**Q** 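One structure coming up, written as structure tokens, with questions to follow.
Keep in mind the model is a prediction, meaning the values are calculated, not measured.
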Amino acid sequence: MTIKLYYQDSAIREFAAAVLEKGFDEAGTPYAVLDQTAFYPTGGGQPHDTGLISGVPVIDVEEINGKVIHRLAAPLPVERVRVRCQIDWQRRFDHMQQHSGQHLLSAAFETLYEAETFGFHMGHEVVTVDIARHPILPAEIHAVEDLVNQVIFDNRPISSNFVTSEELASISLRKPPSVTDNIRIVTVADFDDSPCGGTHPQHTGEIGLVKVLRWEKYKTGTRVEFVCGWRAVRALEQKQQILRELSRMLGTGETDLAASLAKWQTDRKELERRLQESQQIVLEHEANRLKTQSSIVGGLHVSSSVCADRSMQELQRLAGLVTANESQRVALLAGSGDKINLVFAKTQDVSLPMDELLTSVLHQINGKGGGS
């Protein structure tokens with residue numbers, strides 16, 4: 001059984017230990033088991049720690065039947081019996097901030113709206129909680145954020161203890177424990193008591209900040225995406241950079257961005273409408289030219305043209321204009337550019353099978369397509 005230093009003090013960054021076991025697992029990855037460790041193994045929604053054991057990188061940590069298995073990038077030196085270990089503190093502290101922030105966020109949803117948490121995932125960039133409430137309004141998200149960050153600014157103590165069944169009965173838990181023995185309760189003073197096996201800071205102030213990024217319907221509830229601590233700082237820096245760039249591009253202050261974008265969208269829609277009108281006029285002129293310059297082939301008026309830089313949609317509209325209100329007329333159109341597009345059309349009184357004609361041409365140029 002490995003002594004779990006991360007439960008005694010989550011702030012341990014370096015420690016010494018004795019190597020109890022080392023070798024290779026079934027996948028051929030070198031591993032080591034120590035008599036004590038501060039490396040947290042994957043569990044309870046929190047990813048494993050990384051770091052160094054005698055200079056060898058730790059790439060994975062897993063607990064199996066009370067033994068904490070440290071998987072390594074290379075085997076430990078053969079002569080090593082005692083080792084010096086270093087935790088990747090930046091990664092660990094990030095996980096502590098995100099995990100503790102999730103506790104506060106879940107507790108706030110339950111305190112304000114009696115909405116339980118039924119899912120939790122800590123990703124590399126964002127964290128999500130699944131809340132048993134839908135819909136969640138923007139004002140409710142703001143209220144939850146305010147409550148959580150007030151608890152953070154209060155710098156309340158965070159404590160964790162393994163409790164007996166008698167002690168457990170006297171605690172009002174936010175959720176029931178998932179195990180029946182070795183139950184560990186993480187307590188945020190005067191705010192939350194929750195069974196948890198993860199690592200947490202000693203005070204809420206170390207979480208820094210909690211910021212909700214987005215939320216959406218998930219199953220019967222709502223999935224809330226958020227970030228804490230340094231992740232929140234980086235997210236806000238990124239958003240601020242985007243705001244500055246948009247302000248520069250639109251030539252307006254950040255507070256006027258919404259109004260400027262709304263005006264830009266209105267102007268853009270008007271320009272698109274005018275452009276479509278102009279394109280329609282151009283296509284009508286082109287259609288009239290094609291009808292005037294058509295050739296008689298087998299008793300049919302055949303209008304054929306290679307139209308430079310015409311899209312498929314424009315070719316279809318042009319073919320429709322050439323054959324509209326006409327008789328015994330065929331339009332054979334090609335659009336040149338990065339990709340060759342073909343549109344063959346006819347009037348209703350023409351019995352020629354246009355799909356077969358198109359297929360025969362496509363076969364010659366190794367193309368594909370079809371339609372009516």
**Q** Would you mind checking if E245 and R248 are paired as a salt bridge, meaning a charged N to carboxylate O distance below 4.0 Å?
**A**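 Yes.
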
**Q** Will you find, in the side chains of D193 and T187, an N or O donor that is under 3.5 Å from an N or O acceptor?
**A**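 Distance-only check passes for D193 and T187.
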
**Q** Who passes side chain to side chain donor-acceptor pair (under 3.5 Å) against R273, sequence neighbours left out?
**A**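 Counting only residues at least two positions away or on another chain, R273 forms a side chain to side chain donor-acceptor pair (under 3.5 Å) with E270, E277.
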
**Q** Assess whether side chain to side chain donor-acceptor pair (under 3.5 Å) is satisfied between T199 and Q46, documenting all intermediate values.
**A** CA-CA 8 Å; T199 57; Q46 181 173 326; 2.7 Å; yes

**Q** Would a line drawn from the ring center of F39 to the ring center of H70 be shorter than 6.0 Å?
**A**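 Aromatic pair counts; centres sit under 6.0 Å.
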
**Q** Under the criterion side-chain contact (heavy atoms from CB on, under 4.5 Å), which of H301, R329, R317 is the partner of V322?
**A**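 Among the candidates, only R329 passes.
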
**Q** I'd like to know if the side chain of D349 pairs up with that of T347 as donor and acceptor (distance under 3.5 Å, no hydrogens or angles considered).
**A**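 The criterion, which ignores hydrogens and geometry beyond distance, is satisfied for T347 and D349.
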
**Q** Any side-chain to backbone donor/acceptor pair from N155 onto G205? Under 3.5 Å, distance only.
**A**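 Confirmed, N155 side chain pairs with G205 backbone.
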
**Q** Partners of F118 by ring pair (Phe, Tyr, Trp, His ring centres under 6.0 Å), sequence neighbours excluded?
**A**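 In terms of ring pair (Phe, Tyr, Trp, His ring centres under 6.0 Å), with neighbours along the sequence ignored, F118 is linked to no residue.
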
**Q** Please report the interatomic distance CD1(I136) to CD1(I141), rounded to the nearest 0.5 Å.
**A**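 Rounded to the nearest 0.5 Å, the CD1-CD1 separation comes to 5.0 Å.
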
**Q** So, K22 side chain and P77 main chain: donor-acceptor pair closer than 3.5 Å or not?
**A**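 Side chain of K22 to backbone of P77, a donor-acceptor pair under 3.5 Å: yes, one is there.
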
**Q** Tell me whether E62 at atom CD has more than 12 heavy atoms from other residues, nucleotides or ligands lying less than 6.0 Å away.
**A**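 Counting other residues, nucleotides and ligands, CD of E62 exceeds 12 neighbours.
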
**Q** Check side chain to side chain donor-acceptor pair (under 3.5 Å) between S10 and all other residues, then give those that pass, not counting sequence neighbours.
**A**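 By the side chain to side chain donor-acceptor pair (under 3.5 Å) rule, S10 matches no residue at all.
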
**Q** With side chain to side chain contact (heavy atoms under 4.5 Å, CB included) as the test, would you mind laying out the steps for Q8 and I3 before giving the verdict?
**A** CA-CA 9 Å; Q8 297 178 14; I3 298 173; 3.5 Å; yes

**Q** Between L34 and Y31, is there shared hydrophobic-cluster membership here, with clusters defined by ILVMFWY side-chain heavy atoms closer than 4.5 Å?
**A**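 No, L34 and Y31 fall in different hydrophobic clusters.
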
**Q** Salt bridge between K263 and D267, side-chain N to carboxylate O under 4.0 Å?
**A**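 Judged by the 4.0 Å cut-off on N to carboxylate O distance, K263 and D267 do form a salt bridge.
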
**Q** One thing to verify: whether E116 and K175 come together as a salt bridge, which I'm taking to mean a side-chain N less than 4.0 angstrom from a carboxylate O.
**A**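 Salt bridge absent between K175 and E116.
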
**Q** For K67, what residues pass the side chain to side chain donor-acceptor pair (under 3.5 Å) criterion, not counting sequence neighbours?
**A**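 K67 satisfies side chain to side chain donor-acceptor pair (under 3.5 Å) with E21 once adjacent residues are dropped.
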
**Q** Given the rule that I, L, V, M, F, W and Y join up when any side-chain heavy atoms are under 4.5 Å apart, are I131 and L104 in one cluster?
**A**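 I131 and L104: one cluster.
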
**Q** According to salt bridge (charged side-chain N to carboxylate O under 4.0 Å, His left out), who are the partners of E110, at least two apart in sequence or on a separate chain?
**A**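 For E110, no residue satisfies salt bridge (charged side-chain N to carboxylate O under 4.0 Å, His left out) once neighbours in sequence are set aside.
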
**Q** Apply side chain to side chain donor-acceptor pair (under 3.5 Å) to the pair E284 and N288, showing each step before the final yes or no.
**A** CA-CA 6 Å; E284 288 173 357; N288 290 331; over 6 Å; no

**Q** Who passes side-chain contact (heavy atoms from CB on, under 4.5 Å) against H285, sequence neighbours left out?
**A**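 Expected list: I281.
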
**Q** For the pair V330 and V350, evaluate side chain to side chain contact (heavy atoms under 4.5 Å, CB included) and give the outcome as yes or no after the intermediate values.
**A** CA-CA 8 Å; V330 170; V350 174; 4.2 Å; yes

**Q** Does the Y113 side chain pair with the main chain of A108, one donor and one acceptor, at a distance under 3.5 Å?
**A**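 A pair under 3.5 Å: no.
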
**Q** For atom CH2 of W230, decide whether the heavy atoms of other residues, nucleotides or ligands shown that lie under 6.0 angstrom number more than 12.
**A**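 At most 12 heavy atoms, drawn from other residues, nucleotides or ligands, come within 6.0 Å of this atom.
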
**Q** Quick one: side-chain contact (heavy atoms from CB on, under 4.5 Å) partners of P177, sequence neighbours excluded?
**A**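 Per chain and number, P177 pairs via side-chain contact (heavy atoms from CB on, under 4.5 Å) with L168, L173, I183, P195.
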
**Q** Between the side chain of S278 and the main-chain N/O of R274, is any donor-acceptor distance below 3.5 Å?
**A**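 Yes, because the side chain of S278 sits within donor-acceptor range (under 3.5 Å) of the backbone of R274.
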
**Q** How far apart are the closest heavy atoms of R71 and D25, and which atoms are they?
**A**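 Taking R71 first and D25 second, the nearest heavy atoms are NE-OD2, 3.0 Å.
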
**Q** Any donor and acceptor pair, going by atom type alone, linking the side chain of E14 with main-chain N or O of R84 inside 3.5 Å?
**A**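 Judged by distance alone, no pair lies under 3.5 Å.
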
**Q** Apply ring pair (Phe, Tyr, Trp, His ring centres under 6.0 Å) to F24 and list each qualifying residue two or more places apart in sequence or on a separate chain.
**A**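 Counting only residues at least two positions away or on another chain, F24 forms no ring pair (Phe, Tyr, Trp, His ring centres under 6.0 Å).
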
**Q** Roughly how far, to the nearest 0.5 Å, is SG of C85 from CG of L52?
**A**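 Taking CG in L52 and SG in C85, the distance rounds to 9.0 Å.
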
**Q** Just one of R231, R214, K211 clears the salt bridge (Lys or Arg N to Asp or Glu O under 4.0 Å) bar with E225, so which one?
**A**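 Filter result, single survivor: R214.
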
**Q** Please check if the number of heavy atoms outside N325 that lie under 6.0 Å from its CG is greater than 12.
**A**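 No, because the 6.0 Å sphere around CG of N325 holds 12 heavy atoms or fewer from other groups.
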
**Q** Would you say L105 and F153 are hydrophobically clustered, going by side-chain heavy atoms of ILVMFWY under 4.5 Å?
**A**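 They do share one cluster, since a chain of ILVMFWY contacts under 4.5 Å joins L105 to F153.
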
**Q** What distance separates Q102 CD from C228 SG, expressed to the nearest 0.5 Å?
**A**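 Nearest 0.5 Å value for the CD-SG distance: 9.0 Å.
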
**Q** Return the set of residues passing side chain to side chain donor-acceptor pair (under 3.5 Å) with S159 (not counting sequence neighbours), or none when no residue passes.
**A**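 Partners of S159 under the side chain to side chain donor-acceptor pair (under 3.5 Å) test: none.
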
**Q** Going only through I, L, V, M, F, W and Y residues with side-chain contacts under 4.5 Å, is there a path from V83 to V33?
**A**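 Shared cluster, no.
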
**Q** Do you reckon L112 sits in the same ILVMFWY cluster as V151, going by side-chain contacts under 4.5 Å, direct or chained?
**A**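 They do share one cluster, since a chain of ILVMFWY contacts under 4.5 Å joins L112 to V151.
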
**Q** How far does CG of L300 sit from OG of S294, to the nearest 0.5 angstrom?
**A**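 The OG atom of S294 is 10.5 Å from CG of L300, to the nearest 0.5 Å.
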
**Q** If we check side-chain contact (heavy atoms from CB on, under 4.5 Å) with L261, which of these qualifies: L250, D256, T252, T266?
**A**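 With L261 as partner, side-chain contact (heavy atoms from CB on, under 4.5 Å) holds for just one option, L250.
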
**Q** Taking only residues two or more places apart in sequence or in another chain, which ones pass ring pair (Phe, Tyr, Trp, His ring centres under 6.0 Å) with F120?
**A**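 For F120, the residues satisfying ring pair (Phe, Tyr, Trp, His ring centres under 6.0 Å) (neighbours in sequence not counted) are H99.
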
**Q** Do the side chains of V148 and F109 get nearer than 4.5 Å, heavy atoms only?
**A**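 Side chain of F109 against side chain of V148, heavy atoms only: no contact under 4.5 Å found.
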
**Q** What residue pairs, at least two apart or across chains, pass side chain to side chain donor-acceptor pair (under 3.5 Å) with a residue in residues 119-140?
**A**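 Those involving residues 119-140 are D130-R223, R133-E140, H134-T222.
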
**Q** Looking at K217, I'd like to know if its NZ atom is crowded, meaning that more than 12 non-hydrogen atoms belonging to other residues, nucleotides or ligands lie closer than 6.0 Å.
**A**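 Yes, because the 6.0 Å sphere around NZ of K217 holds more than 12 heavy atoms from other groups.
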
**Q** Any chance you could lay out the side chain to side chain contact (heavy atoms under 4.5 Å, CB included) test for R92 and R13, step after step, and finish with the verdict?
**A** CA-CA 9 Å; R92 158 69 77 78; R13 306 187 188 194; over 6 Å; no

**Q** Answer yes or no: is there a side-chain heavy-atom contact under 4.5 Å between Q241 and Q238?
**A**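 Q241 does not reach Q238 side chain to side chain.
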
**Q** Do E145 and N149 meet the criterion of a side-chain donor-acceptor pair at a distance under 3.5 Å?
**A**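 The answer is no; no qualifying pair exists.
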
**Q** My understanding is that only residues two or more places apart in sequence, or in another chain, count here; which of them pass ring pair (Phe, Tyr, Trp, His ring centres under 6.0 Å) with F344?
**A**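 Ring pair (Phe, Tyr, Trp, His ring centres under 6.0 Å) list for F344, sorted by chain: empty.
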
**Q** Backbone N or O of A17 within a donor-acceptor pair of the D35 side chain at under 3.5 Å?
**A**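 No, the answer is negative, given that no donor and acceptor are paired below the 3.5 Å cut-off.
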
**Q** For S160 and R184: C-alpha separation, side-chain torsions, deciding distance, then whether side chain to side chain donor-acceptor pair (under 3.5 Å) applies.
**A** CA-CA 7 Å; S160 58; R184 181 171 177 262; 3.1 Å; yes

**Q** Rounded to the nearest 0.5 Å, what separates atom CD1 in I207 from atom CZ in F93?
**A**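 If we round to the nearest 0.5 Å, I207:CD1 and F93:CZ are 9.0 Å apart.
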
**Q** Measure the spacing between CD of Q90 and OG1 of T50 and express it to the nearest 0.5 Å.
**A**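 Atom-to-atom, Q90:CD and T50:OG1 are 10.0 Å apart.
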
